[in-house]
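Below is one structure; the comments refer to it alone.
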Protein chains: 2
Amino acid sequence: MSQSPHNGTPAYRRIQKAILERIDAGQLKPGDAVGSERELARLHGVSLMTARHALVVLEQDGRVERRRGAGTFVAPPKIHFNKLTSFSEQMASRGLVGYSKVLSASMVSDQAEISARLALPSDGRLWKIERLRLGADEPFALETVYLSAQDFPGLARSRLERGSLFSLLEGEYGMTLAHADEEIDATTADAKAAHLLAVAPGAALLRIRQLIFSGGGKATLYVLGLYRSDRHTLHIRRFR
Amino acid sequence: MSQSPHNGTPAYRRIQKAILERIDAGQLKPGDAVGSERELARLHGVSLMTARHALVVLEQDGRVERRRGAGTFVAPPKIHFNKLTSFSEQMASRGLVGYSKVLSASMVSDQAEISARLALPSDGRLWKIERLRLGADEPFALETVYLSAQDFPGLARSRLERGSLFSLLEGEYGMTLAHADEEIDATTADAKAAHLLAVAPGAALLRIRQLIFSGGGKATLYVLGLYRSDRHTLHIRRFR
DNA sequence: AAGTGGTCTAGACCACGGC
DNA sequence: CCGTGGTCTAGACCACTTC
């Protein structure tokens, strides 16, 4: 016999799915054993190597912990360090509703440096969208996002007020966001930023310049963010 | 027959070593094929699954790229994002020599919050070491590091002037540093910081609070760093 | 069409953990 | 001791890329 009934999904994926569903349903809690390789192999009618593969990949994804001689256990939920999430997603994960105020949305063609970063001609036309981010009715960030006007036609202002730009791009333009390279430093609030963010001029702001890449490795979005330091701390994890 | 001559190192490690040596020696350059699974299996006298395992792990480490139908190729050297490196290592990687000036080194026992973060009693005795970091004879960072006085006896001031604290801990105390959780925000320079860093009072500084964990998952080091924003930009990469 | 990686089998022995 | 994960074999078919 060759392998299992070929419905398209590999057997090891089905095993992973079964385990993840039990975790998400609360049937398996952190620390619980997910079943040994041999047990899963019997249960799903696959060979040991296949059951093993399912667990190995789950471990790489941080969902289970494998301890030699002991077993495989549900990993404690991880804090999402170094994750690229939209503003809306961040607020939602804290149980808050955030919203944005679009300050301006226009087309520009004089941003040579940003065009270059997005691998566009230096006089390429870009959408420039300025948004004020608010949480608990208090402003805490000023974000200016640039993206190719040609690749995203009809990006109207009205669609940005509510809902996330990420989900708009991922949903309607079939874009998949993959990763972002960020440059982070500190600056002080000028008069305009101070006014919009409701802080004193000269107050410390966290400045983050993001270059966001899509699935194919294409630089898609450039975001300049200024964050009120008293309302925003960036958490990251670094590995040796 | 059981598996290969059991000298202690698994076969797949030996295969990886052989490949990595050819890369480091310059015999294989980025983009070059490292040999197919079948080829490596023949060459090293192992089964296909074993040769495959060697390549799979090398891919996870970012050393090779695997493309179905095409082959396995040497990956282009990666920029080290999100890597925990010591100041000395950072400077060395840029071809610069940095050095530190130890401003103070003392024992304190009134840092309840930091003690808590290091999982020590709230009146635990801590080393507190203040260092000014200089590169190209210009100050650019002020770092205060806290660590358990009990776990690191005899950490004398003289040993910190030259050489890295990391290599001291890893070498002489047998500590392995694993990862750091960092909180990053912005602040402004007070009189003391401004003077030491040679900036105007009120200048924007990047503030990084690091909690550095050792191999066993034990919080070992707490570092408060203030970085001149005009001389320091933090680069990170985030994934979706 | 030939070669590559992706998935899978049905076993095996070893090293380690907990009882 | 027994069960666990870690390594390994000698094959197989499939999906994909390249020519």
Side-chain angles (χ1 to χ4, degrees), chain A residues 1-20 28 30-75 215-217, chain B residues 1-20 28 30-75 215-217:
Chain A
M1 204 194 302
S2 78
Q3 55 250 49
S4 3
H6 236 63
N7 53 11
T9 36
Y12 78 94
R13 292 276 181 209
R14 293 201 312 268
I15 299 173
Q16 292 179 341
K17 190 158 171 283
I19 294 171
L20 291 177
L28 285 178
D32 290 356
V34 302
S36 70
E37 300 175 350
R38 289 158 180 81
E39 200 176 326
L40 289 171
R42 261 201 320 275
L43 197 66
H44 292 86
V46 298
S47 86
L48 199 51
M49 284 298 271
T50 300
R52 175 180 177 68
H53 188 200
L55 295 181
V56 164
V57 175
L58 276 186
E59 180 179 45
Q60 281 153 15
D61 293 345
R63 302 303 302 260
V64 301
E65 287 176 4
R66 288 160 69 69
R67 292 201 295 276
R68 183 202 295 228
T72 301
F73 308 90
V74 178
Chain B
M1 204 194 303
S2 78
Q3 55 250 48
S4 5
H6 236 63
N7 53 12
T9 34
Y12 78 95
R13 292 277 181 207
R14 293 200 312 269
I15 298 173
Q16 291 179 341
K17 194 159 169 281
I19 294 171
L20 291 177
L28 286 177
D32 289 356
V34 302
S36 70
E37 301 176 349
R38 289 159 180 83
E39 200 176 327
L40 289 171
R42 259 200 324 274
L43 197 66
H44 292 87
V46 299
S47 85
L48 200 52
M49 284 297 273
T50 301
R52 175 181 175 69
H53 187 200
L55 294 181
V56 165
V57 175
L58 276 187
E59 180 179 45
Q60 280 152 15
D61 294 345
R63 303 301 304 260
V64 301
E65 287 177 4
R66 288 161 68 72
R67 291 202 298 275
R68 182 202 297 229
T72 301
F73 308 90
V74 177

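Heavy atoms only: backbone and side chains are in, while hydrogens, waters and symmetry mates are out. Quick note on labels: first sequence line is chain A, next is B, and so on, each numbered from 1.
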M49(B) side-chain proximity, nearest of dT9(C), dC8(D), dA12(D): dT9(C)
Rounded to whole angstroms, how far apart are CD on E59(A) and C1' on dG6(D)? 12 Å
side-chain contact (heavy atoms from CB on, under 4.5 Å) involving R68(B) - partner list, sequence neighbours excluded: none
Without decimals, in angstroms, what is the distance between L48(B) CG and dC8(C) P? 15 Å
Show me the side-chain donor-acceptor pairs of residues 38-53 of chain A shorter than 3.5 Å, one per line, residues at least two apart or across chains.
from   : atom 1 : to     : atom 2 : distance (Å)
H44(A) : ND1    : L40(A) : O      : 3.2
S47(A) : OG     : M49(A) : N      : 3.4
R52(A) : NH1    : E37(A) : OE2    : 2.8

To the side chain of A11(A), which of dC8(D), dG11(D), dC8(C) is closest? dC8(C)
Go through the structure and list residues passing side-chain contact (heavy atoms from CB on, under 4.5 Å) with Q16(A), not counting sequence neighbours. Y12(A), R13(A), A54(A), V57(A), L58(A)
Set out, line by line, the N/O atom pairs under 3.5 Å between protein and nucleotides 3-5 of chain D.
from   : atom 1 : to     : atom 2 : distance (Å)
dG3(D) : N2     : G69(A) : O      : 2.8
dT4(D) : OP1    : S36(A) : OG     : 3.4
dT4(D) : O2     : G69(A) : N      : 3.2
dG5(D) : OP1    : T72(A) : N      : 3.1
dG5(D) : OP1    : T72(A) : OG1    : 2.7
dG5(D) : OP2    : E37(A) : N      : 2.9
dG5(D) : N7     : R38(A) : NH1    : 3.0
dG5(D) : O6     : R38(A) : NH2    : 3.0

Any Y12(A) side-chain N or O less than 4.0 Å from OP1/OP2 of dT7(C): yes
Please give, in whole Å, the distance from dG6(C) P to H53(B) NE2? 14 Å
For H44(B) and dT9(D), what is the distance between atoms NE2 and P respectively, to the nearest whole Å? 12 Å
Expressed as a whole number of angstroms, how long is the span from L40(A):CG to dT9(C):P? 13 Å
